[in-house]
Amino acid sequence: MMQLLDQTFYEKNALLLAESLLGKLLVKDTPEGRASGIIVETEAYMGADDRAAHSYGNRRTRRTEIMFGKAGSVYTYQMHTHTLVNVVAAEVDTPQAVLIRAVEPVEGLDLMEKRRPGRKQVEWTNGPGKLTKALGIAMSDYGSHYTVPPLQIFEGWSHDFEIVTGPRIGIDNTGEAKHYPWRFFVKGNRYISR
DNA sequence: AGGCTGATACACT
DNA sequence: GTGTATCAGCCTC
């Protein structure tokens, strides 16, 4: 039986959490059924001191408010027409989060195909905006918590895998932070975003 | 490689 | 109110 990750799992800084989340199972339940995927790519956003983070300088708005909340909270936001999903890290009032950039489909392949019509399977979840569409994650998940339905994270792979790091994607014009190797992904996985 | 899309938030008039 | 930028993705050239 797949084990649900508990609150303590999330109570670490975003760098540690980003690495810990690789190989875990992200599960979304909707009226249509369950869809899930193994997390294979993440990025850490280190909060007040991170030029690339929405919460840089402790910028606290309605959008970023949840980043100041409890670890394991769900932070979703809109990028153009796409929804991106994050996991809040660290303690309350330390606004760090981990962006989930790619997953490998596990359950609900039929649902994913229906939600990503006309695309090849590898294109269903190999990007942060794509995986939310495929799994049915939306802005309505904002403020929820990964220890309760309908959006949860479970223990995933039990086997070993190799982790690779690199610079984050899509964060030009943010000075030094641009080069930090705060992106983590599973070596050789087909579903990494680039 | 480059342009279009266009939800939000926020910094400005 | 207007302008601009954003942790993309898709389509077209």
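Residue numbers start from 1 in every chain, and the chains themselves are labelled A, B, ... in the order their sequence lines are given, proteins ahead of strands.
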Inset, instruction - Give a yes or no answer on whether the side chain of A/Arg168 reaches the backbone of A/Ala44 with a donor-acceptor pair at less than 3.5 Å. - result: yes

Inset, instruction - Could you check how far CD of A/Glu41 sits from P of C/dC7, rounded to whole Å? - result: 15 Å

Legend entry - Separation of B/dA9 P from A/Arg60 CZ (nearest whole Å): 16 Å

Legend entry - Distance in angstrom units between A/Gln78 CD and C/dC7 P, rounded: 13 Å

Legend entry - Between B/dA9 (C1') and A/Tyr75 (OH): distance, integer Å: 10 Å

Inset, instruction - Examine distances only and state if a side-chain atom of A/Thr64 and a backbone atom of A/His54 form a donor-acceptor pair shorter than 3.5 Å. - result: no

Legend entry - Heavy-atom closest contact (A/Tyr142 atom, A/Ile66 atom, distance): OH-N, 3.2 Å

Can you check nucleotides 8-13 of chain C for protein contacts, nitrogen or oxygen pairs under 3.5 Å, and list what you find?
unit_1	atom_1	unit_2	atom_2	d
C/dA8	OP1	A/Arg101	NH1	3.0
C/dA8	N3	A/His82	NE2	3.4
C/dG9	OP1	A/Pro128	N	3.1
C/dG9	OP1	A/Gly129	N	2.5
C/dG9	OP1	A/Lys130	N	3.1
C/dG9	O4'	A/His82	NE2	2.8
C/dC10	OP1	A/Arg116	NH1	2.8
C/dC10	OP1	A/Arg116	NH2	2.8

Inset, instruction - Find the partner of B/dG6: check Watson-Crick (N1-N3 plus N6-O4 or O6-N4) and G-U wobble (N1-O2, O6-N3) distances, both under 3.5 Å, and reply none if neither fits. - result: none

Legend entry - Which residues share a salt bridge (Lys or Arg N to Asp or Glu O under 4.0 Å) with A/Glu32, sequence neighbours left out: A/Lys114, A/Arg115

Legend entry - For atom CZ of A/Arg63 and atom C1' of B/dA7, their distance in whole Å: 10 Å

Inset, instruction - Find the distance A/His54:NE2 to B/dA9:P and express it as a whole number of Å. - result: 12 Å

Inset, instruction - May I ask you to evaluate whether A/Arg62 reaches the phosphate of B/dA9, defined as a side-chain N or O under 4.0 Å from OP1 or OP2? - result: yes

Legend entry - Flag for A/Gln96-A/Asn13: side-chain donor and acceptor within less than 3.5 Å: no

Legend entry - Any donor-acceptor N/O pair, A/Glu41 side chain to A/Ser193 backbone, under 3.5 Å: yes

